[in-house]
Amino acid sequence: MSAASALLGRLRGVGTATIAQATQSAAAFTVTMLAARLLGLEALGLFSILYGAFILATGIVSGFVGDSMMVLDRFSSRIRAALVGWFAVLTLLVGAASFGFSLAGTEFTVGAAALYALAAVSYVAEDLVRRNHMATLTFGRIAIMDLAVLCCSAAVILGIFWLGTIRIESFLIAIITGQIAGLLVGWFTLPSAERQPVSGPAAWREVANYGSWRAALQGLRPGQLTLTRLLVVAVISLTAAGSLEAARIYAAPAMLLVSGVCSYLFASMARNVSDNFGQQLRVTDQAVTRLVLTTVACTVIGLLLLPWGGPLITGHQLSGIAVSGWLIYSMAVAMATPYGLLASVLEKARAVFVVRLLDSLLSLVLVATVVLVTGDYRWVPWAAALGALAGGYTIRRWVLGALVREMQVSISNRKGTEVPREAGPTPEKEDRFS
């Protein structure tokens, strides 16, 4: 009964995590799909860059504050005070950077730039509440949050379209409305213990020591994708960036499945950090195998349905090369991300960051080579996938492999001096980063 109950619990956890990720992706998918249909490919290219900046900012703040909240003791008054303080500081920086970026890098007016800054802040704030629900494994409530975001943002976009001309600013208003709705729903459905006010001294350095590495790590992939889009715009055209984004939108279900499972894995790893390392690694290997097989199935189904599914979803004929590239990119992420999560939970975030930085740079070099040599946007996701695969292999082979060797040496040294225990020790962790 215990084994069956444990299996059902894991399946239920993965299922609800995937549903929660699916609802978030559905909200983002709806907004980008409507942008593709109502703004056209060129405007979609610009919108993808602006929206990608949201994802980048959210990754940084969620890594710094959200991951710290999940791994550190968030019920400690000093940790909790520091989490709130760092969130306030980072949110102000996101708002200021978004205002300056949109005002200097686009043809936005001051009013439109202010809208973009507010949209970025609301996006970051709503996502942090999602992370709080992840920490408590209440994924069902996350789905309710995301449905509120989806309904409100879609209603605003369609309402503005029905009343008159729709522009990128209309989408920013929709994003603000939807994110605030999701934020309110999420906040009031948190357990009361998670909403307690804090006061007193804050452990600023302790949170920063862990969170800074996670923020840097979380910002790498969104930053890489943002730079990739900018490179496509600079070398080819804004329309090419729009076509690339349309192909990514069609392939998004594969990525949302990977992200949903990884969200559950990280929360589960953080809660079970004291478990035997060998068992954790076996579970992660099994999760990677299942994820890869699932993304292979998604790739086959996606390509079979492409001739009619592409125009149905995006309103455009999509390139099979670009779509298959994004599906292969999802597979590469599925092979790499769980190992990075496990290493980060075991406080090897510094090593993971170095590997991820190098694989992101490799991806950008490969993308730049493809774009400059061929002038063809369709091969961009294929180039990006190679870098992700290299990073995943490196983390599994060297970062986690080093922990395996440490565990084996520790067990070997204790033989003859201690009575063998059933489970091996958890490997020695790095000191808190200072």
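Residues take their numbers from the sequence shown, with the count starting at 1. Side chains are part of it too, since the values below use all heavy atoms of this structure and drop only hydrogens, waters and symmetry mates.
Here Arg80 pairs with nothing under the salt bridge (charged side-chain N to carboxylate O under 4.0 Å, His left out) rule; sequence neighbours left out. Looking at residues two or more places apart in sequence or on another chain, you find no salt bridge (charged side-chain N to carboxylate O under 4.0 Å, His left out) involving Asp127. Listed by chain and residue number, nothing satisfies the salt bridge (charged side-chain N to carboxylate O under 4.0 Å, His left out) test with Arg141 (two or more places apart in sequence, or in another chain). Residues forming a side chain to side chain donor-acceptor pair (under 3.5 Å) with Tyr250 (at least two apart in sequence, or on another chain): none.
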Dump the intermediate steps for side-chain contact (heavy atoms from CB on, under 4.5 Å) on Asp285 and Arg396, then the final yes or no.
CA-CA 9 Å; Asp285 284 337; Arg396 178 62 180 87; 3.1 Å; yes
Stepwise side-chain contact (heavy atoms from CB on, under 4.5 Å) test for Thr189 and Ile144
CA-CA 9 Å; Thr189 55; Ile144 297 173; 5.8 Å; no
Dump the intermediate steps for side-chain contact (heavy atoms from CB on, under 4.5 Å) on Ile157 and Leu38, then the final yes or no.
CA-CA 10 Å; Ile157 292 170; Leu38 301 178; 4.0 Å; yes
Is there a side-chain contact (heavy atoms from CB on, under 4.5 Å) between Val258 and Cys262? Walk through the geometry before answering.
CA-CA 6 Å; Val258 172; Cys262 288; 4.1 Å; yes
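For residues 290-315, no pair satisfies side chain to side chain donor-acceptor pair (under 3.5 Å), with sequence neighbours left out. Counting only residues at least two apart or in different chains, side chain to side chain donor-acceptor pair (under 3.5 Å) contacts with residues 370-381 comprise Asp376-Arg378. Sequence neighbours left out, the pairs with a member in residues 340-369 that pass ring pair (Phe, Tyr, Trp, His ring centres under 6.0 Å) are Trp213-Phe353. Identified under the side chain to side chain donor-acceptor pair (under 3.5 Å) test for residues 163-184, with sequence neighbours left out: Glu126-Gln179. Residue pairs meeting the salt bridge (Lys or Arg N to Asp or Glu O under 4.0 Å) criterion with at least one partner in residues 208-221, sequence neighbours excluded, are Asp67-Arg214. The side chain to side chain donor-acceptor pair (under 3.5 Å) contacts involving residues 222-237 comprise Arg229-Glu245, where partners must be two or more places apart or lie in separate chains. Legend: ring pair (Phe, Tyr, Trp, His ring centres under 6.0 Å) pairs involving residues 140-191, not counting sequence neighbours, sorted by first then second residue: Phe47-Phe171. Identified under the ring pair (Phe, Tyr, Trp, His ring centres under 6.0 Å) test for residues 313-344, with sequence neighbours left out: Trp326-Tyr329.
To the nearest 0.5 Å, atoms CG (Leu225) and OG (Ser48) are separated by 10.5 Å. Atoms CD and OG, on Glu107 and Ser102 in that order, are 12.5 Å from each other to the nearest 0.5 Å. Annotation: the span from Gln280 atom CD to Leu342 atom CG amounts to 5.5 Å, rounded to 0.5 Å. Distance CZ/Arg248 to OG/Ser330: 9.5 Å, rounded to 0.5 Å. Taken from CG in Leu318 to OG in Ser324, the straight-line distance is 11.5 Å, to the nearest 0.5 Å. Interatomic distance, Thr394 OG1 to Leu400 CG, rounded to the nearest 0.5 Å: 11.5 Å.
The closest side-chain heavy-atom distance from Thr106 to Phe101 is not below 4.5 Å. A heavy-atom distance below 4.5 Å is not found between the side chains of Met331 and Leu389. At least one side-chain heavy atom of Ile321 sits under 4.5 Å from a side-chain heavy atom of Trp382. For the pair Trp398 and Val355, the minimum side-chain heavy-atom distance is 4.5 Å or more. Residues Gln218 and Ile60 are not in side-chain contact: their nearest non-hydrogen atoms beyond the backbone lie 4.5 Å or more apart.
Shown here for Ala148 and Val185, the closest heavy-atom pair between the two residues is CB-CG2, 4.0 Å. The two residues Ser243 and Leu41 make their nearest non-hydrogen contact at OG-CD1, 3.7 Å. For the residue pair Ser122 and Ile180, the shortest heavy atom distance occurs at CB-CG1, 4.4 Å. Scanning all heavy atoms of the two residues, the minimum distance from Ile176 to Ala119 falls at CG1-CA, 3.5 Å. Between Ala125 and Leu183, the closest heavy-atom pair is O-CD1, 3.8 Å. Ala117 approaches Gly95 most closely through the heavy-atom pair CB-O, 3.4 Å.
Between Phe108 and Tyr116, the ring planes are perpendicular. Angles over 60° get that label, and only those under 30° would be called parallel.
A donor-acceptor pair is defined here as one N or O able to donate and one able to accept, closer than 3.5 Å; such a pair exists between the side chain of Ser363 and the backbone of Ala384. Of the possible polar contacts, one joining the Ser153 side chain to the Leu150 backbone as a donor-acceptor pair under 3.5 Å is found. Although no hydrogens or angles enter the test, the distance criterion places no donor-acceptor pair under 3.5 Å between the side chain of Trp86 and the main chain of Gly211. Judged by distance alone, the side chain of Thr138 and the main-chain N or O of His133 form a donor-acceptor pair under 3.5 Å.
Crowding of Met335 atom CE: a count of heavy atoms from other residues, nucleotides or ligands under 6.0 Å not exceeding 12.
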